[in-house]
Protein chains: 2
Amino acid sequence: MIDFTDELRLHNLKATPQRLAMSDAMYVNGHINIDALYLIMLKKFHSISLATIYKNINLMLENSFIQEVKIPQDKSVYELSKDIHSHLVCQKCKEVFDINLELETVLSEAQQQSGFKICKTSLVFSGICKKCQ
Amino acid sequence: MIDFTDELRLHNLKATPQRLAMSDAMYVNGHINIDALYLIMLKKFHSISLATIYKNINLMLENSFIQEVKIPQDKSVYELSKDIHSHLVCQKCKEVFDINLELETVLSEAQQQSGFKICKTSLVFSGICKKCQ
DNA sequence: TTATAAAGGATAATCTTTATCCTTTGTTAT
DNA sequence: ATAACAAAGGATAAAGATTATCCTTTATAA
Ligand SMILES: [Mn+2]
Ligand SMILES: [Mn+2]
Ligand SMILES: [Zn+2]
Ligand SMILES: [Zn+2]
């Protein structure tokens with residue numbers, strides 16, 4: 001059970017017990033959606049308000065402590081900020097995996113073709129994971 | 001003003017005036033969200049119900065007549081189904097652009113690393129478009 | 001034409017997310 | 001350690017988004 005007190009403060013977020021537990025849940029689960037997170041939090045905080053979950057998710061996003069990943073035909077999941085990476089989502093078990101891919105070639109090709117100044121890449125593959133096939 | 005009657009029927013969708021207008025709106029605008037689509041539809045159908053928009057969007061998605069594109073930190077947009085492609089979204093003017101990119105190298109690398117059977121790729125770049133910079 | 005399943009409109013119901021208000025608490029400075 | 005205070009939590013209302021229901025209308029095929 002890692003202590004996220006300093007990490008939260010680095011992102012200008014008070015280190016409340018609720019936020020520490022949310023951080024831990026994301027650390028343990030990797031990628032988690034609002035409903036699953038709420039269920040986990042209820043085990044530790046019998047009377048936590050769903051509003052607290054939403055308020056903290058939004059503040060953590062604004063302060064870049066966490067990132068949102070939009071999943072095709074499913075709910076968004078959230079994860080602790082880390083080095084830039086891409087995602088794989090299994091259509092069967094719904095699990096989301098990280099993957100590091102070399103995208104510089106594709107990115108510069110996209111900038112060249114379009115004239116865009118690109119500052120963010122969101123790449124999500126959908127399929128069937130190793131266990132599920 | 002293209003006639004989408006046959007195209008709708010090919011996807012097992014009755015060609016109603018409302019659906020033809022929705023198809024046309026997506027054809028003309030390229031990528032459009034629910035609210036913008038509703039506003040456009042209201043001009044042609046003074047008393048169209050928002051429920052009709054939702055019901056048709058969902059049926060069109062189920063029958064693969066249209067596709068949903070999830071936009072980071074923004075609402076989803078919808079577009080007529082066409083050849084597989086990637087997207088660029090301008091963070092300033094919010095416009096969404098199509099782009100064709102060679103992703104086979106990245107895709108096979110992802111499959112190899114992860115052991116996934118990948119059947120869908122969703123790639124969205126965010127940045128500033130040519131006009132806005 | 002006619003028959004009929006499906007679609008549209010109106011509206012209620014059901015999520016989902018945010019706002020409000022008051023109490024509690026984490027943090028900083030004594 | 002204590003006090004001060006802005007910020008956070010909980011309860012709940014409000015607002016927003018999406019879906020369900022019910023009845024009328026219509027697109028399609030016989
Ligand atoms: Mn991730
Ligand atoms: Mn497109
Ligand atoms: Zn799986
Ligand atoms: Zn722009």
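In what follows, chains carry the letters A, B, and so on, assigned in the order in which the sequence lines appear, proteins first and then strands, with residues in each chain numbered from 1. None of the values given here were measured: they were computed from a predicted structure.
Between the CD1 atom of I53(A) and the C1' atom of dA19(C) there is a distance of 17 Å, given to the nearest Å. Summarising the geometry, the separation between CG on L59(B) and P on dA20(D) is reported as 12 Å, rounded to the nearest angstrom. Atom P of nucleotide dA7(C) and atom CG of N63(B) are separated by 9 Å, given to the nearest angstrom. The nearest whole Å value for the distance from the CE atom in M41(A) to the C1' atom in dG9(D) is 11 Å. Here the C1' atom of nucleotide dA7(C) and the CZ atom of F45(B) are 12 Å apart, to the nearest Å. Put simply, CG on L50(B) is 13 Å from P on dG8(C), counting in whole angstrom units. Remark: P of dG9(C) and CE of M22(B) are 11 Å apart, rounded to the nearest angstrom. In this structure, L13(A) places its CG atom 11 Å from P of dT27(C), rounding to the nearest Å.
Interface remark: the K55(A) side chain does form a donor-acceptor pair with the dG10(D) base, using a distance-only criterion of under 3.5 Å.
Phosphate contact (OP1/OP2 of dG9(D), side-chain N/O of N56(A), threshold under 4.0 Å): present. Phosphate proximity of dT26(D) to Q18(B): absent, as no side-chain N or O sits under 4.0 Å from OP1 or OP2.
Hydrophobic clustering places M41(A) together with I32(A) (ILVMFWY residues linked when any side-chain heavy atoms are closer than 4.5 Å, directly or through intermediates).
Closest to the side chain of T16(B), from the set dA7(D), dA27(D), dG10(D), is dA27(D). In this structure, the nucleotide among dG9(C), dA8(D), dT28(D) sitting nearest to the side chain of R19(A) is dA8(D). Taking only side-chain atoms of K14(A), from C-beta outward, the nucleotide of dA6(D), dG9(C), dT28(D) with the closest atom is dA6(D).
Contact annotation for I34(B): no contact, since no heavy-atom pair falls under 4.0 Å across all strands. Base engagement by A51(A) is indicated by at least one non-hydrogen atom pair under 4.0 Å involving a base atom.
Ranked by how close their nearest DNA chain C nucleotide is to the 5' end, S49(A) and S47(B) are led by S47(B). Between D35(B) and A15(B), the residue anchored closer to the 5' end of DNA chain D is D35(B), taking for each the nucleotide with the nearest heavy atom.
The CD1 atom of I34(A) sits 4.5 Å away from the OH atom of Y78(A) when rounded to the nearest 0.5 Å.
Across every non-hydrogen atom of N56(B) and R19(B), the tightest pair is OD1-NE, 2.9 Å. Here the shortest heavy-atom pairing between S76(A) and E68(A) reads OG-OE2, 2.7 Å.
Residues H85(B) and D98(B) have side chains that bring a donor and an acceptor to within less than 3.5 angstrom of each other.
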